[in-house]
Visitor: 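Have a look at this one.
Since the structure is predicted, the reported quantities are computational estimates derived from the model, not experimental observations. All heavy atoms count here, side chains included; hydrogens, waters and symmetry mates do not.
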Amino acid sequence: MTQLPAEALSRRKAQLIARLAELDQRLHGIEDELLSHQSRDWEEMATERENDEVLTSIGDDGRAELRMIFAALARLDAGSYGVCVTCATPIAAERLDLLPATPFCRDCAP
């Protein structure tokens, strides 16, 4: 089912795994930062809470990307990576260059 050559699939898998490592490091840093607040000053606490909201949002986005990467790796293992999950047409290499975890072709992207 996969339209991509083995070399391209290997490169994509390495790219996805490298991104997993980056996200893991970033999410651990966010978690550490969220757990480190111990300010007793009200103004500092207010600032920390605002920062926590931003960090939480970034963390949520990172976890969503992790799920997409794990799904892409599963498609790689299943032999369906690079094929749109909606219409079963090949996803353009240019699109995979920009969004290596995408399950959709350009026409089916939400």
Side-chain angles (χ1 to χ4, degrees):
M1 180 183 266
T2 297
Q3 304 291 326
L4 299 172
E7 180 183 316
L9 290 173
S10 178
R11 189 170 21 91
R12 297 283 182 201
K13 187 172 187 172
Q15 182 181 20
L16 290 166
I17 290 171
R19 182 65 180 149
L20 273 179
E22 290 172 18
L23 283 170
D24 185 57
Q25 184 177 9
R26 179 185 302 165
L27 291 173
H28 278 94
I30 289 171
E31 186 176 309
D32 292 345
E33 179 65 27
L34 289 171
L35 295 173
S36 71
H37 301 298
Q38 297 180 6
S39 178
R40 299 282 183 226
D41 179 5
W42 286 103
E43 287 182 29
E44 286 181 26
M45 285 175 60
T47 301
E48 287 175 356
R49 286 183 191 241
E50 288 177 11
N51 291 341
D52 288 354
E53 290 176 14
V54 171
L55 289 173
T56 299
S57 177
I58 292 170
D60 291 345
D61 291 346
R63 284 185 287 283
E65 187 176 352
L66 281 175
R67 287 189 294 276
M68 288 184 66
I69 292 171
F70 284 125
L73 290 170
R75 288 191 305 278
L76 264 164
D77 290 341
S80 60
Y81 179 83
V83 177
C84 180
V85 297
T86 302
C87 69
T89 61
I91 300 171
E94 295 82 12
R95 181 165 172 78
L96 290 172
D97 288 341
L98 295 173
L99 304 166
T102 188
F104 304 110
C105 69
R106 184 186 60 148
D107 294 334
C108 294

Visitor: Between Phe104 and Thr86, does a side-chain contact (heavy atoms from CB on, under 4.5 Å) hold up when you go through it step by step?
Guide: CA-CA 7 Å; Phe104 304 110; Thr86 302; 3.3 Å; yes
Visitor: Looking only at heavy atoms, what is the nearest atom pair of Ala72 and Tyr81, with distance?
Guide: O-CD1, 3.8 Å
Visitor: Side chains of Leu73 and Ile17: closer than 4.5 Å at any heavy-atom pair?
Guide: yes
Visitor: With a 4.5 Å heavy-atom cut-off, do Thr89 and Cys105 have their side chains touching?
Guide: yes
Visitor: Can you tell me how far CG of Leu99 sits from CD of Glu94, rounded to the nearest 0.5 angstrom?
Guide: 12.0 Å
Visitor: Met68 and Leu27: same hydrophobic cluster, using ILVMFWY side-chain contacts below 4.5 Å?
Guide: no
Visitor: Counting only N and O atoms by type, is there a donor-acceptor contact under 3.5 Å from the side chain of Ser10 to the main-chain atoms of Ala6?
Guide: no
Visitor: Please name the pair of heavy atoms, one in Leu23 and one in Ile69, separated by the smallest distance, quoted to 0.1 Å.
Guide: CD1-CD1, 3.7 Å
Visitor: Just to verify, what does Arg19 make a salt bridge (charged side-chain N to carboxylate O under 4.0 Å, His left out) with, not counting sequence neighbours?
Guide: Glu22, Glu65
Visitor: Mind running side chain to side chain donor-acceptor pair (under 3.5 Å) on His28 and Asp32 for me, showing each step along the way?
Guide: CA-CA 6 Å; His28 278 94; Asp32 292 345; over 6 Å; no
Visitor: Which atom names give the shortest non-hydrogen contact between Ala109 and Arg95, and what distance separates them?
Guide: CB-NH2, 3.3 Å
Visitor: Take Leu20 and Leu66 through the test side-chain contact (heavy atoms from CB on, under 4.5 Å) and record every step on the way to the result.
Guide: CA-CA 7 Å; Leu20 273 179; Leu66 281 175; 3.2 Å; yes
Visitor: Distance from Arg11 atom CZ to Leu16 atom CG, nearest 0.5 Å?
Guide: 11.5 Å
Visitor: Hey, mind stepping through Ile30 and Ile58 against side-chain contact (heavy atoms from CB on, under 4.5 Å) and telling me if it holds?
Guide: CA-CA 8 Å; Ile30 289 171; Ile58 292 170; 3.5 Å; yes
Visitor: Mind checking whether Leu96 and Thr102 have side chains closer than 4.5 Å, heavy atoms only?
Guide: yes
Visitor: Taking all heavy atoms of Asp97 and all of Gln15, pick out the closest pair and write down the distance.
Guide: O-NE2, 4.2 Å
Visitor: Determine, using the 4.5 Å side-chain heavy-atom cutoff (strictly less than), whether Leu9 and Val85 are members of one ILVMFWY cluster.
Guide: no
Visitor: If you measure from the Lys or Arg side-chain nitrogens to the Asp or Glu carboxylate oxygens, is any gap between Lys13 and Asp77 under 4.0 Å?
Guide: yes
Visitor: To check you understand the geometry: which heavy-atom pair defines the closest contact between Ala93 and Arg12, and what is its length?
Guide: O-NH2, 3.4 Å
